[in-house]
Protein chains: 2
Amino acid sequence: MRGLGEGLVQKPLTVAEQVANVLRESIADGSLAAGTPLRQDDLAERFGFSRMPVRDALRQLEAEGIVSIHPTKGAHVARMDATEIREIFAVRELLESEALRLSVPNLTREKLDEAGHVLNQIDAEPNVGRWGTLNRIFHLALYSACGNARLLGLIEAHHNAADRYVRILLSSLNYRSQSQEEHRDLLTTCRHRDAAAAVRVLRKHLGDGMATLAQAGPTRKP
Amino acid sequence: MRGLGEGLVQKPLTVAEQVANVLRESIADGSLAAGTPLRQDDLAERFGFSRMPVRDALRQLEAEGIVSIHPTKGAHVARMDATEIREIFAVRELLESEALRLSVPNLTREKLDEAGHVLNQIDAEPNVGRWGTLNRIFHLALYSACGNARLLGLIEAHHNAADRYVRILLSSLNYRSQSQEEHRDLLTTCRHRDAAAAVRVLRKHLGDGMATLAQAGPTRKP
DNA sequence: AACCGTATACTCGTATACGAGAATCCACAT
DNA sequence: ATGTGGATTCTCGTATACGAGTATACGGTT
């Protein structure tokens, strides 16, 4: 939910935001596994700042659902059990289907080519950590013409929250080729301006991911 | 997006959260109009605490989208133009329709009666400020059996973000009776377990609200 | 009189400091 | 050996303090 609404105005980049960005990336690429405690002192020292910006960053990440904070007990990378993952995927399916449906008729040739380019990048990318980001860029490119900034913001937030699990899924199984195949199907239907078909492919894509993830072994709560 | 996920565990209530709650309420009921600057010093003095908890509270409210913060320039109650309001209502329609569809089959008699009771409370409530809260309680009661906590959290967040505009709408026009009529239709269809009809009524309800709001005169950005 | 530059005041972001609560560990008793 | 009680340590929440950036107001200049 970062930058909902007035995302246009240029704001000075505060230390807290930089810390938040680094942490978000580290969590997404798996460097910080679910459940990892996030001690304010440690982070402050590691980043070379005081605890205050770190606090702000943690609170922001909490709002994004990536970190959970218990007063007097500290913060840790949010853990998700199978139920929560299922919930996120259900919401993603809802949000992204709608965004895609709205976007397809308005997609420019440039956007479509851009999305296709990202797919090639994914094929060429050996680093699994980068994959999650590229995946998000591809999806958002297809939704970008939906004409609803808030909807896009919600989708991005849910990608951030779920990407690290998708990443696990991709690295452990040989799911990537199947995913890429679905991606290309998706792009093709978009090129044909067939919104209904595109939505069907997307639903299958997300459903497959969810099913594979559930099967791969759900992470449990402490 | 407050309390997404682990909303079950009991957490100590920190000062920052109390401040956030008071501010959220004040913004929702219109005491703090859109665009009102929120000075950290003022708030800290008014609440009798230091600026730190106030900062935390503001950041949380920013994440919820009802306050916007510009570093070095301060915070103010988020302004929404007609476009943003339209976006919020579109998202609400999407989220709430799905939640209602999922919830209707699982609604207990108790929940339905509870919702009906809230409608009577609304009829009896002279204070317009309270109306927004009751409205939210009614809607959430109907969605509560949807089985997706995250979805419910999103819906609540969007209510919080939009309620103050709905409130304006209700106080200025004589929209309340129409709204209540639609509410009762909604409850009736839910009692009959007719999810499709319920969703239709809900879509009309939200569409009407949106249309009336757009007509009533959109608020402009500074 | 209008405009521009400088100085002042204001507000925020960050750092440091202190006190409270929880968790842990050790000693002692059972 | 195990369980309980207390003290210590760790971490967080809040308060206070300082420095930087921005807006504003005033005075000088054209």
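The model shown is predicted, which means the values in this text are computed figures rather than measured ones. To find a chain, count down the sequence lines: A is the first, B the second, and so on, and within it residues start at 1.
- Proximity note for A:Pro53 (side chain, C-beta onward) versus C:dA15, D:dA23, C:dG13: the nearest is C:dA15.
- Inspection of the B:His76 and B:Ser68 side chains reveals an N or O donor paired with an N or O acceptor under 3.5 Å.
- Remark: the A:Asn148 side chain and the B:Arg86 side chain contain no N/O donor-acceptor pair separated by less than 3.5 Å.
- Inspection of the A:His158 and A:Glu64 side chains reveals no N or O donor paired with an N or O acceptor under 3.5 Å.
- Between the B:Thr212 side chain and the B:Asp208 main chain, a donor and an acceptor come within less than 3.5 Å of each other.
- Among the heavy atoms of the strands, none lies under 4.0 Å from A:Leu58.
- Closest contact between the side chain of B:Gln40 and the listed nucleotides C:dA23, C:dG13, D:dC12 involves C:dG13.
- A:Asp56 has its CG atom 7 Å from the P atom of C:dT14, to the nearest Å.
- Side chain of B:Tyr165 to backbone of B:Met80: a donor-acceptor contact under 3.5 angstrom is found.
- A salt bridge between B:Arg167 and B:Asp29 is absent, with no side-chain N of the basic residue lying under 4.0 Å from a carboxylate O of the acidic one.
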Measure all distances between protein nitrogen or oxygen atoms and nitrogen or oxygen atoms of nucleotides 8-10 of chain C, and list the pairs falling under 3.5 Å.
none

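- Among the nucleotides D:dG13, D:dT14, C:dG13, the one closest to any side-chain atom of A:Ile69 is D:dG13.
- In this structure, B:His205 has its ring center under 6.0 Å from that of B:His183.
- Non-hydrogen atoms lying under 4.0 Å from DNA chain C are contributed by B:Arg51, B:Met52, all within residues 42-52 of chain B.
- The pair B:Glu84-A:Arg150 does not count as a salt bridge, with every side-chain nitrogen at least 4.0 angstrom from each carboxylate oxygen.
- Applying the 4.0 Å criterion to OP1 and OP2 of D:dA20, one finds that B:Thr72 has every side-chain N and O outside that range.
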